[in-house]
Amino acid sequence: MSVLAPRRSTLPGFGLTMGLTLTWLSLIVLIPLAGLFVRSTELSLEQFWGIVTSRRTLSALKISFGLSFAAALVNLVMGTIVVWALVRYRFPGRRLFDAIVDVPFALPTAVAGVALTSLFAQKGWLGAPLAALGIKVAFTPLGIFIAMIFIGIPFVVRTVQPVLIDLDPEIEEAAASLGASRWHIVTKVILPSLMPALLTGFALAFARAVGEYGSVIFIAGNLPNVSEIAPLLIVIRLSEFRYADATAIAVVMLVVAFVIIFAVNRLQRWAQAQASS
């Protein structure tokens, strides 16, 4: 009777692996974030509250989080349509369009900002016809919104694409053979399977838009209380040597972003549980 040898893992044991994981995450993520909170303790509660509730700060936070959330919603819808076309249809130039999706990943953010500003300026290719209709894009919050959509759409597409590729078309055919309409197939069969990936793509697109700086400042106009984003306000406070003010704004951004992403992750877990049940 032969005795099977214990299965050896490619990676080191749990203790060593977990130790390396915690050390690396601490050095890269936890310690810098802890330093941010420690620096904010230089301010009294009254000073901290005064900074984060000032009109300029609240306006910048509202623009950053509000437009990021709206841009992530647009990317959620349009990104899903793009994924559907790329996965379910074969057409000339499909591989080219598939590669174009990754351009915002590879393009330097400053280059993207300059390109979008040139395109949507009042004399630009798209800005001129829009200006004729009374719509101004460059140097307005609308320009910020468009820049956030530009940099966020690859996150939705690349997150949902592999899940849709793995989704067996036979499931849809079985539903159709049982008399389900196309709308019911989409809402009852396809979307529940894609929902965890959709929520992940939404969270990634939102997080990227909140922290975006280079592609936004060129097209934003950067007017206080009008088109000034929170990351730019942090940079301005740093250039003014008001480090505590910059830290306070950064702490608020971190906490709000964490709460929203945590809520999205909880929704993602719920969607996964619903899909598997």
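We're numbering straight along the sequence, starting at 1.
In this structure, Met253 and Pro231 have side chains that are in contact, with non-hydrogen atoms separated by less than 4.5 Å. Looking only at side-chain heavy atoms (C-beta outward), Leu194 and Trp84 stay at 4.5 Å or farther from each other. Side-chain contact between Ile217 and Val235 is absent, with no heavy atoms from C-beta onward closer than 4.5 Å. With contacts defined as side-chain heavy-atom distances shorter than 4.5 Å, the pair Arg56/Ile249 does not qualify. Taking 4.5 Å as the limit, some side-chain heavy atom of Leu130 sits within range of a side-chain heavy atom of Phe120. At a threshold of 4.5 Å between non-hydrogen side-chain atoms, the residues Val251 and Arg39 do not count as touching. Residues Glu42 and Tyr243 form no side-chain contact, since every pair of their non-hydrogen atoms from C-beta on lies 4.5 Å or further apart. Looking at Ile63 and Ser59, their side chains come closer than 4.5 Å, going by heavy atoms from C-beta outward.
Around atom CG of Leu27, more than 12 heavy atoms belonging to other residues, nucleotides or ligands sit under 6.0 Å away. Applying the 6.0 Å contact sphere to CZ of Phe262 captures no more than 12 heavy atoms from other residues, nucleotides or ligands. Heavy atoms of other residues, nucleotides or ligands lying less than 6.0 angstrom from CZ of Arg88 number more than 12. Environment of CD in Glu240: crowded, with over 12 heavy atoms of neighbouring residues, nucleotides or ligands closer than 6.0 Å.
Val114 and Tyr213 fall within the same hydrophobic cluster, where Ile, Leu, Val, Met, Phe, Trp and Tyr residues are linked whenever their side-chain heavy atoms come under 4.5 Å apart, directly or through other members. Ile165 and Val160 fall within the same hydrophobic cluster, where Ile, Leu, Val, Met, Phe, Trp and Tyr residues are linked whenever their side-chain heavy atoms come under 4.5 Å apart, directly or through other members. A single hydrophobic cluster is seen to contain both Tyr89 and Val87, as judged by linkage of ILVMFWY side chains at heavy-atom distances under 4.5 Å, directly or through other members. Hydrophobic cluster membership differs between Ile234 and Phe258, with clusters built from Ile, Leu, Val, Met, Phe, Trp and Tyr side chains linked at under 4.5 angstrom. When the side chains of ILVMFWY residues are joined at heavy-atom separations under 4.5 Å, either directly or via intervening members, Leu73 and Val83 end up in a single hydrophobic cluster.
The salt bridge (charged side-chain N to carboxylate O under 4.0 Å, His left out) check on Arg269 picks up nothing, with sequence neighbours excluded.
We find the CG-CG distance between Leu86 and Leu164 to be 10.0 Å, quoted to the nearest 0.5 Å. Rounding to the nearest 0.5 Å gives a distance of 7.0 Å between CE of Met78 and CD1 of Ile153. Here the OG atom belonging to Ser40 is positioned 12.0 Å from the CG atom belonging to Asp245, to the nearest 0.5 angstrom. Atom CZ of Arg242 and atom CD1 of Ile236 lie 10.5 Å apart (nearest 0.5 Å). Here CZ of Phe139 is found 10.5 Å from CZ of Phe218. Values are rounded to the nearest 0.5 Å. Leu20 CG to Leu16 CG: the interatomic distance, rounded to the nearest 0.5 Å, is 4.5 Å.
Pairing each heavy atom of Thr117 with each of Ala138, the nearest pair is O-CB, 4.5 Å. Residues Ala209 and Ser68 share a closest heavy-atom pair of C-OG, 3.3 Å. Listed here is the closest heavy atom pair of Ile229 and Ala60: C-CB, 3.9 Å. Pairing each heavy atom of Gly221 with each of Ser227, the nearest pair is C-OG, 3.7 Å. Contact detail for Ala220 and Ile144: the closest heavy-atom pair is CB-CG1, 3.6 Å. The two residues Val163 and Ser193 have their closest heavy-atom pair at CG1-O, 3.9 Å.
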(message) Could you walk me through whether Phe202 and Leu267 satisfy the side chain to side chain contact (heavy atoms under 4.5 Å, CB included) test, starting with their C-alpha distance in whole Å, then the side-chain angles of each, then the deciding distance to 0.1 Å, before giving a yes or no?
(response) CA-CA 11 Å; Phe202 173 84; Leu267 285 174; over 6 Å; no
(request) Decide side chain to side chain contact (heavy atoms under 4.5 Å, CB included) for Arg237 and Ile51; before the verdict, give the C-alpha distance in whole Å, the side-chain angles of both, and the deciding distance to 0.1 Å. (result) CA-CA 11 Å; Arg237 292 297 182 238; Ile51 292 169; over 6 Å; no
(request) Under the side chain to side chain contact (heavy atoms under 4.5 Å, CB included) rule, what do Leu61 and Val256 come out as? Steps first, then yes or no, please. (result) CA-CA 10 Å; Leu61 291 172; Val256 175; over 6 Å; no
(request) Test Ile261 against Asn265 for side chain to side chain contact (heavy atoms under 4.5 Å, CB included), laying out the working first. (result) CA-CA 6 Å; Ile261 293 175; Asn265 285 337; 3.7 Å; yes
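Between the side chain of Asp98 and the main chain of Arg94, no donor-acceptor pair closer than 3.5 Å is present. Checking side-chain atoms of Thr80 against main-chain N and O of Leu76 turns up a donor-acceptor pair under 3.5 Å. Under the 3.5 Å distance criterion, the side-chain polar atoms of Ser215 are left unmatched by any main-chain donor or acceptor of Ala112. The main-chain N or O of Ala230 is found under 3.5 Å from a side-chain atom of Ser64 such that the two form a donor-acceptor pair.
Ring geometry for Phe91 versus Phe97: interplanar angle of 30 to 60°, hence tilted. Using bins of under 30°, 30° to 60° and over 60° for the plane-to-plane angle, the ring pair Phe65/Phe206 lands in the tilted bin.
Shown are Thr21, Ile28, Leu22; of these, the side-chain contact (heavy atoms from CB on, under 4.5 Å) with Trp24 is made only by Ile28.
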